[in-house]
Amino acid sequence: MPRQDPPQQPPPVQRLRVRYAKRGRLRFTSHRDFSRAFERAVFRARIPMAYSSGFNPHPRISYAGAAPTGSASEAEYLEIALAQVLVPAEVHAQLDASLPDGLDVIEVVESPGGSLADRLEASRWRIDLDGTREVVEAAVASFLAADEVLVERMTKKGLREFDARGAVVSLTVTSSGYDDRSALDVVLRHGVPAVRPDDVLTALVAVSDVEPGPAPLMTRLAQGPLVADGTIGDPFVA
């Protein structure tokens, strides 16, 4: 029999970009678990998705810059491709109603084109610690004074050593709002290998006597283009 080519799907007619949050206990949702939950939400909301071509078509969903499992986030992003033109505000409401509490849609806008991932150059994080402000400030001063702070982390390619200092654009100490404990406000430049907020904690411990506590809460506050003044821009704004 002649070989049959896989069925070809029509191209998308609209692309929407979605900002969502991972809050509370749902911060322990892995990226794979979230992608499954989001696909189920799309199905429940009956959003007319565009599908990939081939023998096993999948809804066209592009994820960008997912936070590490266990960390909360107010700035996660993805892009969906649609088979029909829809009003972004209506898609926002439908998706938010279909996702579990703790996975919350914050904003939906129409894509202007180009790569969303390329817009995500840096992230701003808050890390709540057990240490007092005086101890944490001393640790931050030691870290910032170093030209390089090497840390190790197990990756898919095995144990890797890399510099955590070079990715830190800014690092300051603030109040966590819990008793006399402190928090870190850190802006991390994205790169390869990616430096995560837990890598910054590992580096702080390496250069000081700070004790971050058994399970410091790490929350991504923003993600987007890195502005010249060291702040994070809105990836939805051209």
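Small disclaimer: the values here were computed from a predicted structure and weren't measured. Just so it is clear, the values below take in all heavy atoms, side chains as well, and ignore hydrogens, waters and symmetry mates.
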Gap separating the [atom1] atom of [X] from the [atom2] atom of [Y], nearest 0.5 angstrom:
X    : Y    : atom1 : atom2 : value
R126 : T219 : CZ    : OG1   : 4.5 Å
R60  : I80  : CZ    : CD1   : 13.0 Å
S73  : I106 : OG    : CD1   : 7.5 Å
H92  : L16  : NE2   : CG    : 12.0 Å
E39  : I61  : CD    : CD1   : 4.5 Å
E211 : L204 : CD    : CG    : 12.0 Å

Under 3.5 Å donor-acceptor, [X] side chain and [Y] backbone:
X    : Y    : answer
Q14  : L86  : yes
D96  : V105 : yes
S30  : T69  : no
E148 : D163 : no
R44  : S98  : yes

Any salt bridge linking E74 with R19? Criterion: basic side-chain nitrogen under 4.0 Å from a carboxylate oxygen.
no
Considering non-hydrogen atoms only, spot the tightest contact between [X] and [Y] and give its length.
X    : Y    : answer
S123 : I232 : N-CD1, 4.0 Å
S175 : R133 : N-NH1, 3.6 Å
E76  : G65  : OE1-O, 3.9 Å
R189 : G166 : NH1-O, 3.3 Å
V195 : R153 : CA-NH2, 4.5 Å
A164 : V168 : O-CG2, 3.5 Å

A side-chain contact here means heavy atoms from C-beta on lying under 4.5 Å apart; do [X] and [Y] qualify?
X    : Y    : value
L95  : F38  : yes
P197 : L188 : yes
L82  : P12  : no
R17  : P112 : yes
P216 : L201 : yes
L103 : K22  : yes
V140 : T172 : no
F162 : L150 : no

Other residues, nucleotides and ligands only: do more than 12 of their heavy atoms fall within 6.0 Å of [atom1] on [X]?
X    : atom1 : answer
R160 : CZ    : no
Q9   : CD    : yes
E107 : CD    : yes
D185 : CG    : yes

Might you work through the side chain to side chain contact (heavy atoms under 4.5 Å, CB included) test for L144 and R165, ending with a clear yes or no?
CA-CA 8 Å; L144 293 177; R165 176 65 183 89; 3.8 Å; yes
- Which is it for V135 and D209 under the side chain to side chain contact (heavy atoms under 4.5 Å, CB included) test, yes or no, and what are the steps along the way? CA-CA 8 Å; V135 172; D209 297 325; 6.0 Å; no
Is there a path of hydrophobic side-chain contacts, each under 4.5 Å between heavy atoms of I/L/V/M/F/W/Y residues, joining [Y] to [X]?
X    : Y    : result
F236 : Y63  : no
Y51  : L78  : yes
V205 : V207 : yes
L171 : L217 : no
L116 : V109 : yes

Please tell me whether Y20 and F34 form a close aromatic pair, meaning their ring centres lie under 6.0 Å apart. yes
